[in-house]
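Just below is one structure, and these are the notes that go with it.
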Number of protein chains: 2
Amino acid sequence: MSDAIIKPTAKELSLLHNYLCQALSETKRIQILYALYDQPQHVTALAKTLGFPQPTVSRHLRVLRQRSLVTTRRDGPAVIYSVGDERVIAVLEMMRSILHDHLAKQSDLLQSDFAADM
Amino acid sequence: MSDAIIKPTAKELSLLHNYLCQALSETKRIQILYALYDQPQHVTALAKTLGFPQPTVSRHLRVLRQRSLVTTRRDGPAVIYSVGDERVIAVLEMMRSILHDHLAKQSDLLQSDFAADM
DNA sequence: TCCATGTATTCGGATAAGCGAATATATCCT
DNA sequence: AGGATATATTCGCTTATCCGAATACATGGA
């Protein structure tokens with residue numbers, strides 16, 4: 001498993017960072033991705049759903065759009081956004097499970113510390 | 001598949017962001033993770049491998065350590081760092097494959113644009 | 001204990017990224 | 001064309017984060 005991975009070059013990592021890591025490095029954008037995964041919708045609806053101002057949502061969507069992480073289709077004057085690549089959600093879900101295990105482990109530590117004090 | 005995902009709360013996303021996304025939102029830290037995955041090593045060796053100043057590496061390692069993304073063990077005055085959770089590498093590898101498909105698709109587009117011009 | 005090696009932290013300055021408010025642009029309908 | 005709705009962009013400001021240089025801290029051996 002370990003040796004199946006071809007170590008990426010610095011250049012590739014820079015691309016990876018600019019393309020994906022950067023895009024996911026903002027809570028609001030992650031919220032937007034999950035909201036769109038739950039339900040494709042247009043900008044104003046998204047803004048209302050999340051409680052953010054419309055320009056804020058629009059700016060974040062631009063970042064996601066430039067990286068093809070969301071796709072668009074017009075519906076009259078509105079623009080419906082959807083998740084462009086579901087694997088991005090899979091990535092986020094994997095991160096979530098790592099986070100959950102981490103929190104569980106921390107909670108275990110707290111418990112054993114507590115036990116040790118008794 | 002789609003309905004198997006429990007939509008995370010804003011609070012959880014904030015945690016996720018602070019814990020993982022934030023940590024991966026920096027090219028040098030990703031380089032460090034891959035270098036440690038390739039070979040656990042101490043700080044100075046890492047700095048030499050990557051060509052970064054030692055304090056820079058140390059600062060980034062602190063960020064990773066605080067999130068348990070790397071683990072440490074002492075070897076005399078040196079501190080050997082290793083990857084703390086290999087799933088983080090899996091996450092990065094998944095991102096890489098998304099990036100590669102994206103680049104391939106872009107390259108296809110360029111090709112068809114080119115063909116259309118002929 | 002003192003020195004050598006290795007690691008972590010602090011400081012000031014520079015850069016990048018987000019935000020709110022205002023405004024520009026686009027689409028459709030009459 | 002002109003107005004209504006919806007979306008995108010720009011501007012100035014604030015905040016967060018990174019970096020290099022200097023320095024403090026930790027460990028083991030003479």
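Within every chain, numbering begins at 1; the chains are lettered A, B, ... in the order of the sequence lines, protein sequences first and strands thereafter. Bear in mind that the values here come from a model prediction, so they are computed numbers and not experimental data.
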How many Å lie between [atom1] on [X] and [atom2] on [N], as a whole number?
X	N	atom1	atom2	result
Arg62(A)	dA17(C)	CZ	P	12 Å
Leu50(B)	dC19(D)	CG	P	12 Å
Leu24(A)	dA17(C)	CG	C1'	16 Å
Phe52(B)	dA8(C)	CZ	C1'	18 Å
His17(B)	dA16(D)	NE2	P	12 Å
Gln41(B)	dT7(C)	CD	P	11 Å
Leu64(B)	dT17(D)	CG	P	14 Å
Asn18(A)	dA17(C)	CG	P	9 Å

Inset, instruction - Would you mind classifying the nucleic acid contact of Ser58(A) as base, sugar-phosphate or nothing, using non-hydrogen atoms under 4.0 angstrom? - result: base

Inset, instruction - Please figure out whether Pro55(B) or Arg74(A) has its closest DNA chain C nucleotide nearer the 5' end. - result: Pro55(B)

Legend entry - Residue closer to the 5' end of DNA chain C, Ser25(A) versus Asp75(A) (nearest nucleotide): Ser25(A)

So does [X] get a side-chain nitrogen or oxygen closer than 4.0 Å to the phosphate oxygens (OP1/OP2) of [N]?
X	N	result
Arg65(B)	dA8(C)	yes
His60(A)	dC19(C)	yes
Thr56(A)	dG20(C)	yes
Tyr81(A)	dA8(D)	yes
Gln22(B)	dT17(D)	yes
Arg29(A)	dG18(C)	yes

Inset, instruction - Kindly determine whether Gln22(B) and Arg67(B) satisfy side-chain contact (heavy atoms from CB on, under 4.5 Å), including the steps that lead there. - result: CA-CA 10 Å; Gln22(B) 186 78 293; Arg67(B) 292 160 172 80; 4.0 Å; yes

Legend entry - CZ on Arg29(B) to CG on Leu33(B), rounded to 0.5 Å: 9.5 Å

Inset, instruction - Mark yes or no for a side-chain to base donor-acceptor pair under 3.5 Å between Gln54(A) and dA8(D), with no hydrogen or angle criteria applied. - result: yes

Inset, instruction - Please confirm whether any donor atom in the side chain of Arg59(B) sits under 3.5 Å from an acceptor in the base of dG20(D), or the reverse. - result: yes

Inset, instruction - Would you tell me whether His100(A) and Glu12(B) have side-chain atoms, one donor and one acceptor, within less than 3.5 Å of each other? - result: yes

Inset, instruction - Identify the heavy atoms of Leu46(B) and Ala35(B) that sit nearest to each other, and give their distance. - result: CD1-CB, 3.8 Å

Inset, instruction - Kindly say whether the aromatic ring centers of Tyr81(A) and His42(A) come within a distance under 6.0 Å. - result: no

